[in-house]
Number of protein chains: 2
Amino acid sequence: MLNNSQYIDKLRSSGLRPTKQRIKICEVLFNTHKTFHFTINELVKRISKLTNDKISLATVYNTVHAFKNKGYLKEIPINSDQSYFDTNTSHHHHFYDETQKDLIDIDDADVEPVKINTRIPGKKIKSVEVLVKVEDDKS
Amino acid sequence: MLNNSQYIDKLRSSGLRPTKQRIKICEVLFNTHKTFHFTINELVKRISKLTNDKISLATVYNTVHAFKNKGYLKEIPINSDQSYFDTNTSHHHHFYDETQKDLIDIDDADVEPVKINTRIPGKKIKSVEVLVKVEDDKS
DNA sequence: TTCTACATTATAATAGTTCTAAACTGTTGA
DNA sequence: TCAACAGTTTAGAACTATTATAATGTAGAA
Ligand SMILES: [Mn+2]
Ligand SMILES: [Mn+2]
Ligand SMILES: [Zn+2]
Ligand SMILES: [Zn+2]
């Protein structure tokens with residue numbers, strides 16, 4: 001929920017030039033109360049609903065990767081033919097509804113901390129992600 | 001660690017015709033003490049090392065999917081351009097070394113049970129998978 | 001043995017993503 | 001102010017994992 005000049009500052013401060021494409025994508029991704037999950041394809045649709053000047057597909061890919069690298073987005077690992085991204089970068093886990101192909105946040109308060117009692121020598125833990133697959137309960 | 005006639009029984013009992021391709025793939029996948037993770041590409045290489053009659057790529061894909069559907073294999077969700085499969089179908093979680101692009105089993109005894117204190121109405125839990133991403137520890 | 005449904009195969013098609021290289025633009029500093 | 005340059009955008013091509021196609025082959029039933 002920032003305004004454009006705040007996005008400009010944010011982009012600049014992380015070393016990204018505030019181009020009009022990036023500012024527009026910031027608006028689409030971050031001008032909302034609720035965070036959300038998206039595929040590139042879905043993002044392209046959201047963008048085209050909000051603007052007349054189209055942004056090329058390559059730029060959408062470039063920007064999403066840049067934002068992911070800067071920590072503005074997370075990528076969620078699931079078995080899918082396409083990548084899923086998350087505007088919620090705080091620590092949390094997911095339900096994945098394989099029927100609806102829909103990712104749903106699990107509030108971190110609803111998950112007991114995951115304890116891993118083993119390590120890999122020479123490696124440090126970067127992230128711990130829980131994916132809970134769900135399906136229709138026909139019973 | 002079964003012999004061919006046992007694979008034949010296993011395939012028949014799950015409604016899959018025991019073709020020579022499927023039996024060969026069973027040998028490659030299950031004739032080993034240790035379970036392992038693989039991509040289709042890696043599996044094709046393993047197969048060609050163990051046999052002279054080549055198996056077509058389409059058959060490898062078909063067979064892996066059939067085995068997955070029958071529960072002989074699991075697919076592991078990670079962010080990768082290719083799918084990862086696991087011959088270890090017992091309940092367990094994974095380290096993923098993003099540098100080496102290597103999946104490593106976490107013994108289930110080394111993970112405290114994951115407690116999810118929320119549900120999605122009308123859906124039942126199919127699986128709970130933990131992915132621990134690791135990277136080189138330069139410190 | 002004959003029949004048929006199932007399986008294999010080579011190859012084409014698909015689709016998400018990345019690459020290329022030319023045109024464009026934000027920023028810097030003279 | 002504005003030239004210079006590095007960073008960015010873009011259309012389209014290329015890439016690659018996976019799936020579809022449709023013809024041929026085969027396991028198992030009768
Ligand atoms: Mn969705
Ligand atoms: Mn491997
Ligand atoms: Zn999320
Ligand atoms: Zn495993």
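The chains referred to below are lettered A, B, ... by the order of the sequence lines, with proteins before strands, and numbering in each begins at 1.
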Practice task
Is it possible for you to check whether B/Lys24 lies under 6.0 Å from the centre of the six-membered ring of B/Tyr7, through NZ or CZ, and within 45° of that ring's axis?
Solution key: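 Here B/Lys24 fails the 6.0 Å and 45° test against B/Tyr7.
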Practice task
Indicate, with a heavy-atom threshold strictly under 4.0 Å, whether A/Ser83 touches base, sugar-phosphate, or nothing.
Solution key: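 Here A/Ser83 touches the backbone only, sparing every base.
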Practice task
Determine the contact category for B/Asn62: base if any of its heavy atoms lies under 4.0 Å from a base atom, sugar-phosphate if only primed atoms, P, OP1 or OP2 are that close, otherwise nothing.
Solution key: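 Base contact - B/Asn62 has a heavy atom under 4.0 Å of at least one base atom.
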Atom [atom1] of [X] and atom [atom2] of [N]: how far apart are they, to the nearest Å?
X	N	atom1	atom2	answer
A/Leu11	D/dG7	CG	P	16 Å
A/Lys20	C/dC24	NZ	P	12 Å
B/Lys24	D/dT26	NZ	C1'	18 Å
B/Phe38	D/dA17	CZ	C1'	15 Å
B/Asp81	C/dT14	CG	C1'	17 Å
A/Asn79	D/dT19	CG	C1'	16 Å
B/Glu42	D/dT18	CD	P	11 Å
B/Leu57	D/dT16	CG	P	14 Å

Are any of [X]'s side-chain N or O atoms less than 4.0 Å away from OP1 or OP2 of [N]?
X	N	result
A/Lys54	D/dT10	no
B/Tyr61	D/dT18	yes
B/Ser56	C/dT8	no
B/Arg22	C/dA7	yes
B/Thr19	C/dT8	yes
B/His65	D/dT19	yes
B/Gln21	D/dT26	no
B/Arg17	C/dT8	no
B/Arg12	D/dA27	no

Practice task
Indicate yes or no: does A/Glu129 engage B/Lys133 in a salt bridge with an N to O separation below 4.0 Å.
Solution key: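 A salt bridge is present here (some side-chain N lies under 4.0 Å from a carboxylate O).
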Handout entry: SB check B/Glu98 A/Lys126 (cutoff 4.0 Å)
Key =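 Looking at B/Glu98 and A/Lys126, the cut-off is met.
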Exercise for the section: Answer yes if the side chains of B/Glu112 and A/Asn117 hold a donor-acceptor pair under 3.5 Å, and no otherwise. Expected result: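 Yes, a side-chain donor-acceptor pair sits under 3.5 Å.
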Exercise for the section: Assign each of B/Gln82 and B/Pro18 to its nearest nucleotide of DNA chain D by heavy atoms, then name whichever residue's nucleotide is nearer the 5' end. Expected result: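 On the 5' side of the pair lies B/Gln82.
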Exercise for the section: Please work out whether the ring planes of B/Phe36 and B/Phe38 are parallel, tilted or perpendicular, with thresholds of 30° and 60°. Expected result: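 If you compare the ring of B/Phe36 with that of B/Phe38, the planes turn out tilted.
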